Number of protein chains: 2
Amino acid sequence: MTNGKEDKEITIYDIAKRLKISPATVSRALQDHPRISAKTKKKIFELADEVGYRRNHFAGNLRSQKTQTIGVIVPRLNSHFMSSVIAGIELMANEHGYSLLISQSSESARKEADSAEAMFNSRVDGLMVSLAYDTNTLDHFDKFFRKKTPVIFFDRVKPHRSATSILIDNYQAAYDATKHLIEQHCKKIVHITAPPMQNVYKDRLAGYRSALEDAKIKFREENVIVTNLTQEAGYESAEKILKMKPLPDGIFVANDSCAIGCMIALKEKGIRIPEQIAFVGFNNDPMSTVIEPKLTTIAYSGFEMGEVAGRLLVNHLNSTSQINNTTTIILRSDLIVRQSSLKSPAGH
Amino acid sequence: MTNGKEDKEITIYDIAKRLKISPATVSRALQDHPRISAKTKKKIFELADEVGYRRNHFAGNLRSQKTQTIGVIVPRLNSHFMSSVIAGIELMANEHGYSLLISQSSESARKEADSAEAMFNSRVDGLMVSLAYDTNTLDHFDKFFRKKTPVIFFDRVKPHRSATSILIDNYQAAYDATKHLIEQHCKKIVHITAPPMQNVYKDRLAGYRSALEDAKIKFREENVIVTNLTQEAGYESAEKILKMKPLPDGIFVANDSCAIGCMIALKEKGIRIPEQIAFVGFNNDPMSTVIEPKLTTIAYSGFEMGEVAGRLLVNHLNSTSQINNTTTIILRSDLIVRQSSLKSPAGH
DNA sequence: GAAAAATATGCAACCGATTGCGCATTTTTC
DNA sequence: GAAAAATGCGCAATCGGTTGCATATTTTTC
């Protein structure tokens, strides 16, 4: 069959024996330790290469008590935004020799806690989390904080003195989105969002409110619809909207899929968008360019967020930088104007 | 601060000492070894629980030469289908104590080989792969085959005597899709697909062709448009279509996003869908219900595919079943008829 | 050219769980 | 009641790198 050599794993002991030196020297050489002479290193690297030596992570990690693994917990894996974030994290992690342990909470705080427990037991070197819908305490991460394992929250975050957060300025983004609707002469703007338990929804609500007030439009509780932001929820919200008198002339939704569900329902009822009701979403999901009219939305890159989070964690773990110096990182977001919000003829 | 106990990791030695028994007994008890008495086990479990013992994977894996890790390589992470598959795999893997090492090839055979190499070096217990666009050899998996590490291909597969494949019947699905268009009285049906290097595209092309021939419609090379199946490619393909004389009256696209790109472009040119041109896509992407008219498509569950693949691998690794007995698993797929293909008034 | 400093390598004890083998104790067998 | 079988547990080696400390060798210093 095969060579025979290829079947047995090569260890540093094999290399040491062949070169008549000690395993310690081989180990150090492989780590590019300064105390090993260039000549010896060369010999070792060449032989290692020749015989196809592969470091055994388990032996090394056992000794060094590092796992070279990063845990990632997200609400769900199969959303465009989240899978982009993960792609970004993966890129950074892979580049620096870290592996990813990925788990989803399915928007449940309990499963999030379970995942955290599992991650803890797997002794991940660092943890990245985007919180579930109904997470209202960070107690399940206490173990990590106590052990000084770095934890990074992204997008859906909660402030904590031992953790770093990466997110966009949700307040400002929502302010801009709402202001844009106002500039399109909307007078009655509805906001569809999730329960304001998570920062993202609380801040978006606040931004919406401020924009209204700055334009001397009174904020009204009854113009805020709280849902779970799924596409179905959007569809159902349309009913509530149709019952409003007068009908709103603008709707700002805290996420695109929900906005799209709502638009579809309203269109079925014969509402013209944007003429009767203008729409702004949030996230720049690929779907936002498929719906008709195309959806105005807030764009921010999940991939970039993943990269930033990944880089931050990796740098900290390799201690080129201390994570503690940073508690919050704000990434850029942009309002992308499309037809769904353009009442004025400016929109070519 | 904290208890003090919580800071140091508990090992089986600690438990052994406290109970005045040997670590071997503790180890065996924790594995529910039959030779340890129920009484002893009980004591051990209780203490382990009390002091918060966590098994050290590294020590165990080092000894047992198992990593309890499954490698996953996908073309890209941020597609609805792929992230669903991964969600399915994650579920199964997690349930059985396996971790996932995830990596993306970005549709490049070279990066796929790199990832495979990395997975091999991480000594994954098993590997799941959906092949990149331009992968035309499985040589980069030889190492796994030689080492008898199980490899499962899913969706985008290539037959190999040492690997198992999980996929749908692409031929039949494409046949059904095309037949459906024919039943809608389409006479000239265009097929947009990717280069037929991968099974999925080859089989879909064959199904399309057979359906035509069975309906006594001549298959014409010039009615097949080869692209990379992105949404942009669909958009661009519309140009080619508009130049055809006569215009086709039906288009079967090998994936939804490309179909949608094409539909958007055609709509912009004033083509009426489905009246002038009927559309059928493939994958049942969430976008397919957002486009107008809603897209008829082939539905199959990525989540389920992930679950099946995960279960198969896990069972094999736990040797409750041998994977070698199975070389191919075909999952169910369904034609979902929506407005985009309904020329006849039968549509609801 | 001897002492001091710098460089290069080795020894051996870890890290924590697993497991073949052996011994001791208890139970079964006839 | 002695031999055989079953049960319960411990000893000690093992998996493969890592690293503090010691030792050996070379280079520098004056």
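Values below: every heavy atom of this structure, side chains too, minus hydrogens, waters and symmetry copies. What you see is a predicted model, and the numbers here were worked out from it, not measured in a lab. Reminder, nothing fancy here: chain letters follow the sequence lines and each chain counts from 1.
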Mark yes or no for a side-chain to base donor-acceptor pair under 3.5 Å between Arg35(B) and dG22(C), with no hydrogen or angle criteria applied. no
Ignoring backbone atoms, test whether Ser64(B) places a side-chain nitrogen or oxygen under 4.0 Å from the OP1 or OP2 oxygen of dA17(C). no
dG17(D) OP1/OP2 closer than 4.0 Å to side-chain N/O of Tyr53(A): yes
State plainly whether the residues Glu117(A) and Lys111(A) are in salt-bridge range, i.e. N to O under 4.0 Å. no
Which of dG20(C), dT18(C), dT18(D) is nearest the side chain of Arg28(B)? It is dG20(C)
Are a donor atom and an acceptor atom from the side chains of Ser108(A) and Ser105(A) found within less than 3.5 Å of each other? no
For Pro23(B) and for Arg63(B), find the nucleotide of DNA chain D with the closest heavy atom, then tell me which residue's nucleotide is more 5'. Pro23(B)
OP1, OP2 of dT18(C) versus side-chain N and O of Ser27(B): anything below 4.0 Å? yes
What is the distance, to the nearest angstrom, from the NZ atom on Lys20(B) to the P atom on dC9(D)? 16 Å
Whole angstrom is fine here: how far is it from CG in Asn61(A) over to C1' in dG17(D)? 10 Å
Rounded off to whole Å, could you give me the NE2-to-P distance for the His33(A) and dC21(D) pair? 13 Å
Is Asp14(A) salt-bridged to Arg18(A), cutoff N-O under 4.0 Å? no
Spacing of Leu30(B) atom CG relative to dA17(C) atom C1', expressed in whole Å: 10 Å
For atom CG of Asp14(B) and atom P of dG16(C), their distance in whole Å: 8 Å
When you measure from the side chain of Ala24(B), which nucleotide among dG17(D), dG16(C), dG10(D) comes out closest? dG10(D)
Are His160(A) and Phe153(A) close enough, and set up right, to give a ring pair (Phe, Tyr, Trp, His ring centres under 6.0 Å), and what steps lead you there? CA-CA 10 Å; His160(A) 188 286; Phe153(A) 294 115; 7.6 Å; no
dA2(C) -> Watson-Crick or G-U wobble partner, both distances under 3.5 Å, gives dT29(D)
Look at Gln31(A) and dT19(D) and indicate whether a side-chain polar atom (N or O) is within less than 4.0 Å of OP1 or OP2. yes
In whole angstrom, what separates Asn56(A)'s CG from dC15(D)'s C1'? 8 Å
For a quick test of reading the model: is some side-chain N or O of Gln65(A) closer than 4.0 Å to OP1 or OP2 of dT18(D)? no
Looking only at side chains, do Ser27(A) and Gln31(A) share a donor and an acceptor under 3.5 Å apart? yes
Under 4.0 Å from OP1 or OP2 of dC9(D): is there any side-chain N or O of Thr25(B) that close? no
Heavy atoms only, 4.0 Å cut-off, all strands: where does Phe58(A) land among base, sugar-phosphate and nothing? nothing
Are Arg54(B) and Phe120(A) in a cation-pi setup, meaning NZ or CZ lies under 6.0 angstrom from the ring centre and within 45 degrees of the ring axis? yes
For dG10(D) and Ser22(B) - does any side-chain N or O of the residue sit under 4.0 Å from the phosphate oxygens OP1/OP2? yes
Starting at atom CD1 of Ile21(B), determine the distance to atom P of dC11(D), rounded to an integer number of angstrom. 11 Å
Nearest to the side chain of Ser37(A), heavy atoms from C-beta on, is which of dT18(C), dG17(D), dT9(C)? dT9(C)
For Leu62(B) and dT18(C), what is the distance between atoms CG and C1' respectively, to the nearest whole Å? 10 Å
